[in-house]
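I have placed the structure first, in the form of structure tokens, so that the comments after it can refer back to it.
The first residue of the sequence shown is numbered 1, and numbering continues consecutively from there.
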Amino acid sequence: MGPRGLAALESLYLAKKNSNSSKKLKVVLFEASAYPGAGQIWTPNQVETNLSNIHERNLSNNLAGREALYFDDVFIPEFPSYKNWLTTTDDDYSEKDVFPSRAKLGSYLNERFNTFREALIGSDLVDFYQKEVTKIEPSETGCLVYTKDDQQIEVDEAVLTIGHQPTYDSKQLTTWGKHAEENNLKLYEDPYPVGALETDSISAETTVALRGFGLSMVDQVRALSIGFGGVFKEKKDSIKWEYIPSEKAPKHLVVFSLNGLPPAPKPVSATIDNWFKPNEQEKQSFIRAIEKAEQRAASIKDASFLIEALAEMAASVYLRMSVHSRKHKLSHQELSQLTIQLIKDPDTAHDLILKHDLPALEAMEHLLQMAFGKTAISLDYCLGQVWRFALGILYHDYTYLNLPDAAMVDVVNYIEASKRYSYGPPVKSLQQLMALVEAGVLNLDFVNNPTITPVENGWKLEKNNQSIITQVMVNSVIDAPQLVAVSSPLIQNLLEDKRVDPVSYKLGLHTLEDGSIISKNGNSHQHISLLGRLAKGSIIGVDDLIECFGKPAHKWADSLIERL
């Protein structure tokens, strides 16, 4: 019962309201965390330094409310859209977009669920278990649901609305775990909750290494600075910030990743964001390419159709924004070909592309300047923002691309590769990272794939004839939704029973468009469905909060009511 479970619940009652069914629905809900509707990722009691990377402009425009529902002598009140729920808001995002904390969004989701639960209390229409489900066993007539304390509940239909699941540790993390245990060192294996970092075991003199250079790392860096009393201040007449450490905040943070590339921030405001927004003609051309691929799905072998359509759109946008872009004399066709090359090979070198081997701080400075519209936009930054708009189209209108497995793997790989730009953080995150570097707190000397050796007093990082020893290691890498890597007993039991069929070892599992799980032998008439992250490969857009309330939940609910 995280956001996707809440969306499924609302969709189910809406589908019942719109049907002629007189059957009484009883819903059994399971959520182990304390805040149903929000789940673990959006829990309202997490540290305020965890920021969403969805700005309020997007949430206000696209996170709709719930209409009032009445049936079976029960009245469920309407719930406002995110925009109407906000007590204070600035509708003018032309100067600067606002990114809410994860806790704030979690409060919205939890309140939305609670109004539902309060309306159903006292009826026999809902049972709620604050328990973890460990196994679902489909039968000919329904499913048996097993909880962690061995309770069994029989249901006619089950839907999994699970998000991030625990995964098996990588070989590296397993080795580090043994090393930490043997030498009484601190290894934080999971990126969340980042509040776990705010402990007495980390002091001003502790050197902390962070594995990963993405969104989770930024949350953790904020926890290790603001969480320990450090303060960030805006500099006058500058887009750069200043960091003022506290006496308690660690003075040495070291970040590293496999490629050393920093996350690219989203444009600072709606005004600049609109430079990258495809016009109606460009959007329609992109949509036609997707629909054409759907019509000949069996012949699609890879993601070429998507790459070509995206490159056409990005080239068109880049030409149209010529007053803001780097100067060039390329035709639309030449620009499109260069963009295809860039998508396939991010190391592509060209005057229009930000150099791939720039020092991390210099790369961040260029990206920040572009996000503020204070320097000429590079083709790669433009492509990244156009990717974001393209994903909005795909997630909203083409969540179910019924393509062969190899093509879906390729499509998802390119979507994942785009996320450094398309899922970029707010400019504030880069401003804070750069301030920490300039204050001498955040060390980027080892950012690009250092050699790491466990030593008695910590971990030794080496790069370019330099070395540093860190006493604390923090993992800030969130694993991709690969079904075979998931260690939760719920998924393991489904795999062992051959109740599910992985799309490929790299992705999630096979479902129909309505969420029905397809078994190993091709059976789709089981009484179990899946909406969520582990459907990746059958459904795209599974990591998007707003799309939790999108088409897949409604299609599942309509199909279920029809079956009943």
Side-chain angles (χ1 to χ4, degrees), residues 1-12 14 35-44 50-67 78-86 89 91 93 97-113 116 161-164 215 266-267 270 273-274 276-278 283 385-401 412 415-416 418-419 421-426 478 481 515 531-533 535-536 539-557:
M1 276 307 302
R4 204 175 305 270
L6 172 61
L9 182 64
E10 293 183 352
S11 297
L12 180 61
L14 182 62
Y35 296 95
Q40 295 180 1
I41 299 297
W42 301 97
T43 175
N50 289 352
L51 293 185
S52 161
N53 71 325
I54 315 169
H55 45 61
E56 289 196 335
R57 176 165 55 89
N58 190 0
L59 290 162
S60 294
N61 289 338
N62 297 300
L63 188 47
R66 177 185 72 229
E67 66 179 78
E78 66 179 337
F79 195 83
S81 66
Y82 183 79
K83 181 177 183 177
N84 292 335
W85 175 81
L86 290 172
T89 181
D91 290 334
Y93 297 110
D97 272 318
V98 176
F99 289 77
S101 67
R102 285 175 176 265
K104 182 178 178 180
L105 259 173
S107 293
Y108 171 81
L109 295 164
N110 183 233
E111 284 179 29
R112 187 162 170 161
F113 171 81
F116 216 112
T161 54
I162 50 180
H164 291 271
L215 298 180
K266 290 185 175 71
D273 201 23
N274 283 333
F276 307 96
K277 189 175 182 178
K283 280 166 60 178
Q385 308 316 310
V386 173
W387 247 119
R388 181 162 46 84
F389 285 108
L391 290 176
I393 295 168
L394 285 170
Y395 289 178
H396 191 266
D397 297 318
Y398 300 97
T399 54
Y400 188 80
L401 284 174
V412 171
I415 289 175
E416 291 294 315
S418 81
K419 286 186 174 181
Y421 283 99
S422 60
Y423 274 52
I478 294 180
L531 299 171
R533 202 166 187 257
K536 193 159 215 171
I539 304 289
I540 57 176
V542 296
D543 290 330
D544 190 293
L545 173 70
I546 291 171
E547 290 309 321
C548 284
F549 295 86
K551 290 182 179 178
H554 291 293
K555 287 187 175 177
W556 163 77

Item to check | Heavy-atom donor-acceptor pair, Lys266 side chain to Pro426 backbone, under 3.5 Å | outcome: no

Checklist entry - Which atoms form the tightest heavy-atom contact between Ala38 and Pro3, and what is the distance? => result O-CD, 3.4 Å

Checklist entry - Is any side-chain heavy atom of Phe549 closer than 4.5 Å to a side-chain heavy atom of Asn62? => result no

Item to check | Met1 and Leu6: CA distance, side-chain angles, deciding distance, side-chain contact (heavy atoms from CB on, under 4.5 Å) verdict | outcome: CA-CA 6 Å; Met1 276 307 302; Leu6 172 61; 4.3 Å; yes

Checklist outcome for this item: side chain to side chain contact (heavy atoms under 4.5 Å, CB included) filter on Glu67, not counting sequence neighbours, yields Leu14, Lys17, Leu69

Checklist outcome for this item: Between Pro267 and Asp97 the two heavy atoms that sit nearest each other are O-OD2, 4.1 Å

Checklist entry - Is a donor on one side and an acceptor on the other found under 3.5 Å between the side chain of Asn274 and the backbone of Ala270? => result yes

Checklist entry - Once you round to the nearest 0.5 Å, how far does CG of Leu51 lie from CG of Leu215? => result 10.0 Å

Checklist outcome for this item: With sequence neighbours left out, the residues meeting ring-ring contact (aromatic ring centres under 6.0 Å, His included) with Phe99 are His55

Item to check | Results of ring-ring contact (aromatic ring centres under 6.0 Å, His included) for His554 - residues two or more places apart only | outcome: none

Next on the checklist: Determine whether Arg102 and Asn53 satisfy the following criterion, side-chain contact (heavy atoms from CB on, under 4.5 Å), listing intermediate values before the conclusion.
Outcome noted: CA-CA 9 Å; Arg102 285 175 176 265; Asn53 71 325; 5.6 Å; no

Next on the checklist: According to salt bridge (Lys or Arg N to Asp or Glu O under 4.0 Å), who are the partners of Lys283, at least two apart in sequence or on a separate chain?
Outcome noted: Glu280

Checklist entry - With Ser52, which residues qualify under side chain to side chain contact (heavy atoms under 4.5 Å, CB included), at least two apart? => result Trp42, Ile54, Pro100, Leu105

Checklist entry - When you look at Leu86 and Glu56, which way does the side-chain contact (heavy atoms from CB on, under 4.5 Å) test go after all the steps? => result CA-CA 10 Å; Leu86 290 172; Glu56 289 196 335; 3.8 Å; yes

Item to check | Carboxylate-amine/guanidinium proximity below 4.0 Å for Arg112 and Glu10 | outcome: yes

Item to check | With sequence neighbours excluded, residues passing side chain to side chain donor-acceptor pair (under 3.5 Å) with Ser422 | outcome: Ser418

Checklist entry - Excluding sequence neighbours, so at least two apart, what forms ring-ring contact (aromatic ring centres under 6.0 Å, His included) with Tyr421? => result none

Next on the checklist: Just to verify, what does Glu111 make a side chain to side chain donor-acceptor pair (under 3.5 Å) with, not counting sequence neighbours?
Outcome noted: Trp85

Checklist entry - side chain to side chain donor-acceptor pair (under 3.5 Å) with Asp273: which residues, sequence neighbours excluded? => result Arg57, Arg388

Checklist entry - Can you list the residues that meet the side chain to side chain donor-acceptor pair (under 3.5 Å) rule with Tyr35, with sequence neighbours excluded? => result none

Checklist entry - When the aromatic ring centroids of Tyr108 and Phe79 are compared, is their separation below 6.0 Å? => result yes

Checklist entry - Is Glu78 salt-bridged to Arg66, cutoff N-O under 4.0 Å? => result no

Checklist outcome for this item: Scanning both residues in full, the closest heavy-atom pair of Asn110 with Pro36 reads ND2-O, 2.9 Å

Checklist entry - Atom CD1 of Ile546 and atom CG of Leu63: how far apart are they, to the nearest 0.5 Å? => result 6.0 Å

Checklist entry - Is it true that a side-chain atom of Thr43 and a backbone atom of Gly39 form a donor plus acceptor pair closer than 3.5 Å? => result no

Item to check | Phe276 ring center within less than 6.0 Å of Phe389 ring center | outcome: no

Next on the checklist: Could you report the tightest heavy-atom contact between Ala553 and Cys548, atom names first, then the distance?
Outcome noted: CB-O, 4.0 Å

Next on the checklist: Is there a side-chain contact (heavy atoms from CB on, under 4.5 Å) between Asn84 and Ser81? Walk through the geometry before answering.
Outcome noted: CA-CA 5 Å; Asn84 292 335; Ser81 66; 3.4 Å; yes

